[in-house]
Amino acid sequence: VQLVETGGGVVQAGYSLTLSCAVSGSTINIYHVGWFRQASGEEREFVAASSRGGGASQAYSESVKGRATIWRDNAKNTVYLQMSNLKPEDTAVYYCAADFTWAEYQSPSGYDLWGQGTQVTVSS
């Protein structure tokens with residue numbers, strides 16, 4: 001199973017960006033999916049998560065709540081993360097991750113499958 005993130009880039013503060021996480025080798029419908037980010041020199045932190053199936057349960061970190069939306073397109077085997085009103089402090093490598101369990105959805109240790117990450121840089 002592979003997860004591939006795309007959509008990163010350099011954007012100005014206040015703009016929006018949509019990241020994609022495409023899953024191959026399995027169906028995304030059976031996985032809970034989370035987005036994490038890691039700024040240079042910092043620990044990896046939780047951003048958002050979507051429960052498996054139809055994504056009925058969603059969760060967001062306080063730092064992005066109200067500015068981020070996570071959704072999945074099971075037909076395309078892809079999970080998306082849209083970030084709006086981007087701030088310089090959103091600059092980081094963004095990773096998607098997948099797992100069968102929801103219990104630790106906010107922790108990197110709660111996910112077994114990871115993508116390679118995509119860089120998001122927000123300029124002021």
Side-chain angles (χ1 to χ4, degrees):
V1 179
Q2 283 192 318
L3 283 67
V4 178
E5 303 96 332
T6 56
V10 180
V11 295
Q12 287 188 326
Y15 280 69
S16 300
L17 201 63
T18 299
L19 306 179
S20 301
C21 173
V23 177
S24 61
S26 184
T27 174
I28 199 169
N29 193 42
I30 65 175
Y31 294 102
H32 304 295
V33 175
W35 282 95
F36 290 78
R37 65 187 181 186
Q38 188 167 18
S40 180
E42 302 291 330
E43 293 186 354
R44 195 166 296 190
E45 67 169 358
F46 170 74
V47 177
S50 168
S51 62
R52 63 184 174 187
S57 294
Q58 300 167 4
Y60 300 91
S61 68
E62 287 300 318
S63 62
V64 303
K65 192 172 291 184
R67 300 190 296 121
T69 302
I70 185 172
W71 75 98
R72 56 174 70 206
D73 186 335
N74 289 333
K76 294 184 178 180
N77 235 23
T78 301
V79 176
Y80 302 92
L81 176 71
Q82 183 181 55
M83 297 277 294
S84 61
N85 190 22
L86 284 161
K87 306 174 182 181
E89 50 264 42
D90 293 318
T91 295
V93 178
Y94 283 71
Y95 299 89
C96 69
D99 202 85
F100 292 119
T101 61
W102 183 252
E104 297 182 59
Y105 68 89
Q106 296 185 79
S107 173
S109 64
Y111 296 85
D112 285 335
L113 302 172
W114 289 86
Q116 83 290 346
T118 185
Q119 176 72 46
V120 173
T121 302
V122 184
S123 62
S124 57

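Everything numeric in this text was worked out from a predicted model, so none of it was measured. Side-chain atoms are counted along with the backbone in the values below, which use heavy atoms only and exclude waters and symmetry mates.
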S.K.: Can you name the closest pair of heavy atoms from R67 and N85 and give their distance?
M.R.: NH1-O, 3.1 Å
S.K.: Take atom CD of Q119 as the centre, draw a 6.0 Å sphere, and report whether it contains more than 12 heavy atoms from other residues, nucleotides or ligands.
M.R.: yes
S.K.: List for me each residue that meets salt bridge (Lys or Arg N to Asp or Glu O under 4.0 Å) alongside E42, sequence neighbours excluded, and say none if there are none.
M.R.: none
S.K.: Sequence neighbours excluded and cut-off under 3.5 Å, please list the side-chain donor-acceptor pairs for residues 5-24, or say none.
M.R.:
from, atom 1, to, atom 2, distance (Å)
E5, OE1, Q116, N, 3.0
E5, OE1, G117, N, 2.9
E5, OE2, C96, N, 2.8
E5, OE2, G117, N, 3.3

S.K.: Quick check for you: to the nearest 0.5 Å, what is the distance between T27 atom OG1 and N77 atom CG?
M.R.: 5.0 Å
S.K.: Which heavy atom of S26 sits nearest to which heavy atom of V1, and what is that distance?
M.R.: CB-CG2, 3.7 Å
S.K.: My understanding is that a hydrophobic cluster links ILVMFWY residues whose side chain heavy atoms are under 4.5 Å apart, including indirect links. Using that, what else belongs to the cluster containing F46?
M.R.: F36, V93, Y95, W102, Y105, Y111, W114
S.K.: Measuring only between side-chain heavy atoms, which start at C-beta, is V79 closer than 4.5 Å to L81?
M.R.: no
S.K.: Can you tell me how far the CG atom of N29 sits from the CZ atom of R72, to the nearest 0.5 Å?
M.R.: 7.0 Å
S.K.: Look at the side-chain heavy atoms of Ile, Leu, Val, Met, Phe, Trp and Tyr, link any pair under 4.5 Å apart, and say whether Y80 and M83 land in one connected group.
M.R.: no
S.K.: To the closest 0.5 Å, what do you measure between OG1 (T78) and CG (L3)?
M.R.: 10.0 Å
S.K.: Which pair of non-hydrogen atoms, one from V47 and one from V64, has the smallest distance, and what is that distance?
M.R.: O-CG2, 3.5 Å
S.K.: Is it the case that the side chains of D99 and T101 hold a donor-acceptor pair, with the cut-off being a distance below 3.5 Å and no angle test?
M.R.: yes
S.K.: Could you go through the side chain to side chain contact (heavy atoms under 4.5 Å, CB included) check for R52 and F100 one step at a time?
M.R.: CA-CA 8 Å; R52 63 184 174 187; F100 292 119; 4.2 Å; yes
S.K.: Compare all side-chain heavy atoms of W71 with those of Q82 and state whether any distance is below 4.5 angstrom.
M.R.: yes
S.K.: Please check if any side-chain donor atom of R37 sits under 3.5 Å from a side-chain acceptor atom of Y94, or the reverse.
M.R.: yes
